[in-house]
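The next block holds one structure in the form of structure tokens; read it before the comments.
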Number of protein chains: 2
Amino acid sequence: MSRATTLEQVAERAGVSRQTVSNALNAPEKLRPETLERVRQVIDELGYRPDTRARGLRTRSSGLLGYCVAQRQDGSVNVFMDRFLRALTTEVERTGRHLLLFTAPEGEAGLSVYDDLLARSAVDGFVLSDTRPGDPRHAWLRDKGVPFASFGRVWSDEPQPGPWVDVDGASGTAQAVEHLVAQGHTSIGFLGLPEGNPVGDDRAAGWRRACAEHGIEAGERMLARSADEHRDRGEAAGRLLDSEPRPTALVAANDAIALGAYEALEARGVRPGLDVALTGFDDSPTAAVVRPGLTSLHQPIDRIAERVVRLLDRPEGEPGELLRPELIVRASSSSGNDDGGQS
Amino acid sequence: MSRATTLEQVAERAGVSRQTVSNALNAPEKLRPETLERVRQVIDELGYRPDTRARGLRTRSSGLLGYCVAQRQDGSVNVFMDRFLRALTTEVERTGRHLLLFTAPEGEAGLSVYDDLLARSAVDGFVLSDTRPGDPRHAWLRDKGVPFASFGRVWSDEPQPGPWVDVDGASGTAQAVEHLVAQGHTSIGFLGLPEGNPVGDDRAAGWRRACAEHGIEAGERMLARSADEHRDRGEAAGRLLDSEPRPTALVAANDAIALGAYEALEARGVRPGLDVALTGFDDSPTAAVVRPGLTSLHQPIDRIAERVVRLLDRPEGEPGELLRPELIVRASSSSGNDDGGQS
DNA sequence: CTGTTAGCGCTTTCAT
DNA sequence: ATGAAAGCGCTAACAG
């Protein structure tokens with residue numbers, strides 16, 4: 001691993017001063033075209049690239065954005081987060097930086113990890129995700145004046161600290177309801193997340209609102225919460241299916257719960273998509289693979305990544321941004337219309 | 001965002017020279033216990049952390065390992081890779097470094113990205129994954145003397161360049177066959193990956209070997225390759241099921257194909273787990289969710305991450321390491337034994 | 001438009 | 001055991 005080329009070597013070879021080479025890179029308009037050309041040629045010849053550490057030391061930057069990968073205690077995976085990370089990596093690169101991955105405990109305890117990274121000047125800022133109610137990171141970073149942007153809101157009483165991007169869950173479930181109404185359904189139940197989950201509440205609100213607009217009942221009687229979204233086996237769906245009158249359609253707060261509902265349906269001899277319509281949320285890979293294909297709401301991942309990075313760099317504009325998910329219709333909600341593929 | 005504490009500030013406050021503070025951090029045994037204690041106290045007081053850029057500039061290191069996230073052209077996700085990335089992040093942190101994420105085109109074209117990172121001294125080395133036949137990265141990095149380790153082999157004619165860790169696919173499918181034989185099966189088909197895929201060939205070899213040991217037929221007649229693993233809808237499985245005599249068990253090269261086979265089975269009124277046994281490979285989240293639960297081979301992710309980082313730092317030992325996957329038995333291969341949960 | 005000087009914060013080398 | 005000097009590779013600020 002030979003030593004990398006330095007600015008000085010380029011300067012000598014091109015017969016100019018170090019500073020001129022530096023300018024060729026950072027302020028080319030300051031050079032006479034012919035000098036610029038010559039310097040550039042030597043740079044190419046030598047394959048010179050400025051050392052990020054030296055440059056960072058001088059400019060007080062690192063060219064790195066920190067991103068904390070959540071350690072899921074239950075060993076479950078969030079496929080959606082994987083796709084987001086890929087999109088984010090691409091987007092950060094587009095702005096000439098890179099992503100630095102790290103882990104941290106949840107809540108207050110994790111702040112020291114953020115503090116450490118900052119104290120060492122290892123990162124220029126953070127992209128936050130996996131936000132939780134009462135998440136302390138946002139306010140803490142804001143108070144420190146650290147650049148950051150969040151995918152997901154904090155959902156506390158105070159206004160959201162700092163720039164954020166989120167998916168409009170209510171709009172999503174409302175779309176699902178509209179779609180089901182268009183199929184002729186007039187009795188639409190909701191399979192919710194455990195009580196107090198703000199994402200779940202948001203998604204339930206959209207269902208409630210859209211139902212109200214169509215004069216469809218959307219009271220507690222039509223809503224069943226899953227006790228544990230990751231291991232849902234359709235108990236909640238079962239409760240709704242065993243109630244009278246049985247709803248003809250179910251909107252689930254996410255794909256995991258919708259998938260659990262398949263079981264409850266099958267156990268009762270009810271065919272998803274034919275006898276009872278079903279929609280999910282997240283458009284997980286499983287949604288396209290399962291039979292019948294699960295209609296689900298696709299989150300605009302690339303756009304989220306793009307917006308979050310932009311907001312991190314230019315926080316002065318909108319405080320936040322709500323993106324609409326897109327309904328991907330498959331056979332679980334409209335037999336004969338299954339596209340069978342992935343979104 | 002106030003300026004971070006420097007070594008000099010600590011030195012002044014502690015009444016020692018800069019060098020002494022540096023030693024307190026990097027060579028504490030060189031200090032008199034009382035001095036060390038005093039310096040440490042000031043460090044804590046001020047929350048001092050050495051600047052990674054300055055230190056790196058001096059020590060010719062960056063404290064970062066590069067990891068390329070594959071951009072899947074077909075938009076598919078590899079859940080397994082997501083879990084590996086989490087494990088890797090944790091493992092790299094354990095050694096006091098961090099992971100730097102980047103993207104690069106496949107093949108030769110991507111090498112310039114690696115080169116760029118190296119020229120800028122942005123990383124100290126690389127962890128490679130998503131290896132492909134003829135992958136040029138390994139030999140290229142080895143020739144440059146860059147530290148690296150690979151999860152996955154290159155599968156070319158020459159010996160594998162550089163340290164690697166991989167999962168023993170043949171051992172996995174052999175385990176599956178043993179399990180099926182123990183259930184009384186004597187006619188076991190194999191659902192393979194497209195021709196020429198070395199991972200698929202490896203997994204097929206284990207099936208063939210284990211079948212041979214039990215005097216079970218494992219010729220081409222019992223093997224059906226999937227044309228496209230991501231969109232498999234069970235055509236290959238269908239061919240095997242329609243042949244005479246119909247196999248009573250199927251070993252699939254991965255979960256996606258096994259999941260496709262569910263359809264082929266159901267289309268023929270054959271119940272997976274009851275009429276025909278089925279096993280997958282990868283132990284994807286879907287395997288635990290689908291009904292009946294899919295028996296599958298779990299890859300030891302944490303161990304892979306641990307070994308790959310160790311080999312990167314100490315490449316002198318074994319050239320490579322083959323890890324055994326673990327068979328997770330669910331109802332698809334032994335009705336009544338479904339644990340229903342995730343691994 | 002180009003060159004010189006200074007210094008970012010740290011560790012290495014060499015004195016003491 | 002502690003300190004002083006030098007310099008890693010770069011860019012900001014100024015001089016010419």
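Here is how names work: the chains are called A, B, and so on, in the same order as the sequence lines, proteins then strands, and each is numbered from 1.
If you find the closest nucleotide of DNA chain D to Arg49(A) and to Gln19(B), the one lying nearer the 5' end belongs to Gln19(B). For Leu57(B) and Glu34(B), each mapped to the nucleotide of DNA chain D holding its nearest heavy atom, the one lying further toward the 5' end belongs to Glu34(B).
Using a 4.0 Å heavy-atom criterion, one finds that Leu7(A) contacts the bases of the nucleic acid, with or without backbone contacts as well. Using a 4.0 Å heavy-atom criterion, one finds that Thr35(B) contacts the sugar-phosphate atoms exclusively.
Counting to the nearest Å, the C1' atom of dG9(D) and the OH atom of Tyr48(A) are 7 Å from each other. Straight-line distance from the NZ atom of Lys30(A) to the P atom of dG3(C): 14 Å, rounded to whole Å. Look at CD on Gln9(A): it is 11 Å from P on dC8(D), rounded to the nearest Å. Put simply, CG on Leu118(A) is 15 Å from P on dG9(C), counting in whole angstrom units. If you take CD of Glu37(A) and C1' of dC1(C), they are 17 Å apart, rounded to a whole angstrom. Computed from coordinates, the Leu25(A) CG to dC10(D) C1' distance equals 11 Å when rounded to whole Å. Protein atom CZ of Arg55(A) is 19 Å distant from nucleotide atom P of dC8(D), rounded to whole Å. Atom pair Asp51(B):CG and dG9(D):P shows a separation of 17 Å (rounding to whole Å applied).
Residues forming a side-chain contact (heavy atoms from CB on, under 4.5 Å) with Glu12(B) (at least two apart in sequence, or on another chain): none.
A sub-4.0 Å separation between OP1 or OP2 of dT11(D) and a side-chain N or O of Arg60(A) is absent. Phosphate proximity of dC10(D) to Arg53(A): absent, as no side-chain N or O sits under 4.0 Å from OP1 or OP2. Contact annotation: Arg58(B) side-chain N/O to dT12(C) OP1/OP2 distance is not under 4.0 Å. Dashed line: the shortest gap from a side-chain N or O of Ser22(A) to OP1 or OP2 of dT11(D) is under 4.0 Å. The shortest distance between the side-chain N/O atoms of Asn23(B) and the OP1/OP2 oxygens of dT11(C) is not below 4.0 Å. Between dC8(D) and Thr6(A), no contact under 4.0 Å exists linking OP1 or OP2 to a side-chain N or O. The phosphate of dG9(D) has neither OP1 nor OP2 within less than 4.0 Å of any side-chain N or O from Arg18(A). Under 4.0 angstrom from either OP1 or OP2 of dC1(C) there lies no side-chain N or O belonging to Arg32(A).
Counting only N and O atoms by type, the side chains of Ser121(B) and Arg60(B) include no donor and acceptor under 3.5 Å apart.
Under a 4.0 Å N-O distance rule, the pair Asp115(B)/Lys144(B) qualifies as a salt bridge.
Screening Asp82(A), Thr89(A), Thr90(A) for a side-chain hydrogen bond (donor to acceptor under 3.5 Å, both in side chains) involving Arg86(A) leaves a single residue, Asp82(A).
The listed nucleotides are dG3(D), dC10(C), dG9(D); the one nearest the side chain of Val16(B) is dG3(D).
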**Request:** Evaluate the criterion ring-ring contact (aromatic ring centres under 6.0 Å, His included) for residue pair Phe102(A) and Tyr67(A); output intermediate values, then yes/no.
**Result:** CA-CA 6 Å; Phe102(A) 66 97; Tyr67(A) 181 81; 8.0 Å; no

Quiz: residues 31-45 of chain B side-chain donor-acceptor pairs under 3.5 angstrom, not counting sequence neighbours:
| residue | atom | partner | partner atom | Å |
| --- | --- | --- | --- | --- |
| Arg38(B) | NH1 | Ala14(B) | O | 2.4 |
| Glu45(B) | OE2 | Arg13(B) | NE | 3.4 |
| Glu45(B) | OE2 | Arg13(B) | NH2 | 2.6 |

